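See below for the structure under consideration.
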Amino acid sequence: MSLIRTQAIVSVTIPGHDLRRAAESLKQALLPYPEARIVALTQKTNWMTSFMGTTALLAAIDYTPAPEAL
């Protein structure tokens with residue numbers, strides 16, 4: 001999937017394994033994107049992040065840019 005001007009990849013990483021807190025962090029990260037719509041969501045993990053106790057979410061989003069940005 002290639003990104004166009006109205007798409008972005010957003011990632012958040014939080015300490016611990018609390019998905020509810022990760023989801024709240026993702027909501028906060030989406031605030032700069034007007035009318036953001038999550039197209040794809042995945043949890044990024046590997047042995048090191050599991051060992052360190054962090055949770056990372058990656059989201060591909062579509063959004064509506066401000067009219068002056070068009």
Side-chain angles (χ1 to χ4, degrees):
M1 171 176 112
S2 61
L3 295 177
I4 59 174
R5 190 167 52 108
T6 60
Q7 295 176 328
I9 300 290
V10 178
S11 69
V12 294
T13 302
I14 62 147
H17 299 292
D18 187 357
L19 284 177
R20 181 174 294 152
R21 212 166 91 213
E24 286 300 318
S25 292
L26 182 59
K27 284 182 186 178
Q28 292 299 315
L30 294 177
L31 289 177
Y33 299 96
E35 299 178 28
R37 298 165 299 282
I38 296 175
V39 176
L41 179 67
T42 188
Q43 179 183 2
K44 184 182 104 177
T45 186
N46 60 36
W47 71 272
M48 189 62 167
T49 56
S50 294
F51 177 73
M52 293 176 60
T54 60
T55 300
L57 296 179
L58 300 172
I61 64 166
D62 280 331
Y63 65 98
T64 305
E68 62 273 0
L70 295 175

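What you see is a predicted model, and the numbers here were worked out from it, not measured in a lab.
- Residue Thr55 comes nearest to His17 through the heavy atom pair OG1-CA, 3.2 Å, listed as atom of the first residue, atom of the second, then distance.
- When the side-chain contact (heavy atoms from CB on, under 4.5 Å) test is applied to Ala23, no partner is found at least two apart in sequence or on another chain.
- When the side chain to side chain donor-acceptor pair (under 3.5 Å) test is applied to Asp18, no partner is found at least two apart in sequence or on another chain.
- Legend: residues meeting side-chain contact (heavy atoms from CB on, under 4.5 Å) with Ser11, ordered by chain and number and at least two apart, are Leu58.
- Scanning for side-chain contact (heavy atoms from CB on, under 4.5 Å) contacts around Glu24 gives Lys27, with sequence neighbours left out.
- Here the closest non-hydrogen pair linking Val12 and Ala22 is CG2-O, 3.9 Å.
- Closest approach of Ala36 to Tyr63, counting heavy atoms only: CA-CB, 4.1 Å.
- From Ile14, atom CD1 reaches atom CZ of Arg20 across 11.5 Å, with rounding to the nearest 0.5 Å.
- Residues satisfying the side-chain contact (heavy atoms from CB on, under 4.5 Å) test with Ile38, not counting sequence neighbours, are Leu26, Leu30, Leu41, Ala59, Ile61.
- Leu57 CG to Gln43 CD: the interatomic distance, rounded to the nearest 0.5 Å, is 6.5 Å.
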